[in-house]
Amino acid sequence: MEHLLWWQYAAIGLIFIWSGFVRSGLGFGGAVLALPFLLLVENNPLIFLPIISIHLLVFSSWIAWRGAKDAKAKAAQPALTKDQDTPTPTSNIDWQYLKKALRIMIIPKLIGVFGLLTLPQDIVTGVIFIIVSVFAVSYIINKPFYSNNKILDTVFLMLGGYVSGTSLIGAPLIVSVFATKVSRYQLRDTLFVLWFILVLIKMSSFLIAGVDLQLIHQLWLLPCALIGHVFGQKFYNRIQQTESSVFFRYIGIALLIVCAFGLYSTIMH
């Protein structure tokens with residue numbers, strides 16, 4: 001990144017503010033909604049993917065820790081001071097479903113990391129975005145798709161795990177399954193723990209391949225992402241106070257935008 005012009009650095013900083021806002025506000029989409037813009041500034045994914053990965057590791061662990069702290073504080077409140085209409089999970093993370101999903105995803109994830117499948121990534125990516133777009137529309141029109149088919153859920157999670165191994169865009173398909181299996185109050189933090197684990201595996205491939213992690217640029221890009229994170233947290237707190245139908249509509253709109261950008265990037269690529 002040392003050869004870039006000043007306006008490119010400014011654009012990259014603004015994009016990472018946007019990425020931090022999306023990641024914190026919704027729990028997903030930070031990479032997919034930032035990468036197309038970053039590639040317009042400098043068309044080299046290997047420059048930006050390590051930076052995005054490190055941001056995910058930092059902010060996912062921080063948000064999950066803050067969520068656990070808040071959940072513990074709420075659980076310690078006297079019963080009379082709690083909102084009786086608002087469920088208070090004992091944990092901010094659905095560990096049971098997280099472990100179940102990881103058992104399904106881990107092998108496809110590793111296969112994706114080491115690139116052992118020959119199926120063209122663009123085809124896999126395009127199919128995923130089309131499938132998730134259907135989920136997104138169902139959320140927007142307040143008719144969420146609830147799958148009781150374990151085989152279908154397993155296929156979606158395996159495919160999401162594989163694509164997250166080859167890139168960082170498996171989140172939409174994974175979220176479409178998690179959104180109907182995990183409580184809305186646990187969804188974001190559960191996803192962040194999942195992202196942390198998946199990205200940690202991804203980072204190992206960067207280290208093995210000797211990819212430059214751009215650590216010097218973290219000194220100014222982490223604060224940029226932090227600015228977006230702060231505003232994203234306020235947005236998240238706001239949508240948590242809405243009705244379930246409105247919450248799912250936000251999720252649906254975000255998924256649809258992510259899919260539109262993803263399909264556009266895939267076609268243009």
Side-chain angles (χ1 to χ4, degrees), residues 1 4 7-64 66-67 125 129 132 136 160 163-164 167-175 187-189 191-196 198-200 202-203 206 211-239 250-251 253-266 268-269:
M1 290 178 61
L4 299 181
W7 67 265
Q8 291 176 302
Y9 287 117
I12 290 170
L14 290 173
I15 294 168
F16 273 101
I17 291 175
W18 162 245
S19 176
F21 172 82
V22 174
R23 182 185 304 113
S24 176
L26 295 171
F28 67 94
V32 180
L33 291 181
L35 197 55
F37 294 113
L38 291 170
L39 295 180
L40 290 176
V41 177
E42 179 66 16
N43 190 20
N44 188 348
L46 283 181
I47 290 179
F48 302 112
L49 286 176
I51 299 174
I52 294 172
S53 297
I54 291 175
H55 285 188
L56 273 167
L57 291 177
V58 172
F59 290 105
S60 62
S61 55
W62 181 21
I63 290 173
R66 286 292 302 271
T125 300
F129 285 132
V132 176
V163 176
S164 73
S167 62
L168 290 174
I169 59 173
L173 190 56
I174 297 170
V175 171
L187 179 60
R188 188 186 69 155
D189 290 358
L191 287 173
F192 271 125
V193 175
L194 177 64
W195 303 152
F196 182 90
L198 296 181
V199 171
L200 199 60
K202 183 68 175 178
M203 285 295 293
F206 289 147
V211 175
D212 184 358
L213 300 183
Q214 306 290 342
L215 295 178
I216 189 66
H217 294 287
Q218 298 290 351
L219 296 176
W220 65 280
L221 287 174
L222 268 173
C224 290
L226 178 61
I227 294 172
H229 169 86
V230 171
F231 286 102
Q233 182 65 44
K234 293 180 179 179
F235 176 75
Y236 173 76
N237 294 336
R238 186 170 182 177
I239 66 174
Y250 276 118
I251 294 293
I253 292 171
L255 280 173
L256 199 58
I257 294 173
V258 166
C259 291
F261 271 96
L263 282 171
Y264 173 78
S265 301
T266 301
M268 294 302 293
H269 177 71

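- Shown here are the side-chain contact (heavy atoms from CB on, under 4.5 Å) partners of Leu213, two or more places apart in sequence or in another chain: Pro50, Ile54, Met203, Phe206, Leu207, Leu215.
- Atom CD1 of Ile216 is surrounded by 12 or fewer heavy atoms from other residues, nucleotides or ligands within 6.0 Å.
- For Ile17, the side-chain contact (heavy atoms from CB on, under 4.5 Å) partners are Leu14, Cys224, Ile227, not counting sequence neighbours.
- Residue Gln218 comes nearest to Pro223 through the heavy atom pair O-CD, 3.8 Å, listed as atom of the first residue, atom of the second, then distance.
- Atom-to-atom distance recorded for Asp212:CG and Ile47:CD1 is 8.5 Å, nearest 0.5 angstrom.
- For the residue pair Gly27 and Trp195, the shortest heavy atom distance occurs at O-NE1, 2.6 Å.
- Atom NE2 of His55 sits about 10.0 Å away from atom CG of Leu226, to the nearest 0.5 Å.
- Put simply, the side chain of Glu42 does not reach to within 4.5 Å of the side chain of Ile12, judged on heavy atoms.
- Looking only at side-chain heavy atoms (C-beta outward), Leu187 and Leu191 come within less than 4.5 Å of each other.
- The shortest distance between side-chain heavy atoms of Gln214 and Phe48 does not fall below 4.5 Å.
- With sequence neighbours left out, His229 forms a ring pair (Phe, Tyr, Trp, His ring centres under 6.0 Å) with Phe59, Trp62.
- Annotation: side chain to side chain donor-acceptor pair (under 3.5 Å) contacts of Gln8 (sequence neighbours excluded): none.
- Atom OH of Tyr236 has more than 12 neighbouring heavy atoms from other residues, nucleotides or ligands inside a 6.0 Å radius.
- Using a 4.5 Å heavy-atom threshold, the side chains of Phe196 and Leu57 count as touching.
- In this structure, CG in Leu56 is found 12.5 Å from CD1 in Ile51, a value given to the nearest 0.5 Å.
- With sequence neighbours left out, Phe21 forms a ring pair (Phe, Tyr, Trp, His ring centres under 6.0 Å) with Phe235.
- Looking at Leu38 and Ile52, their side chains come closer than 4.5 Å, going by heavy atoms from C-beta outward.
- For the pair Ala34 and Gly30, the tightest heavy-atom approach, listed with the atom from each and the gap, is CB-O, 3.1 Å.
- Residue pairs meeting the side-chain hydrogen bond (donor to acceptor under 3.5 Å, both in side chains) criterion with at least one member in residues 9-21, sequence neighbours excluded: Ser19-Arg23.
- Judged purely by atom type and a 3.5 angstrom limit, Ser24 has no side-chain atom pairing as donor or acceptor with the backbone of Gly20.
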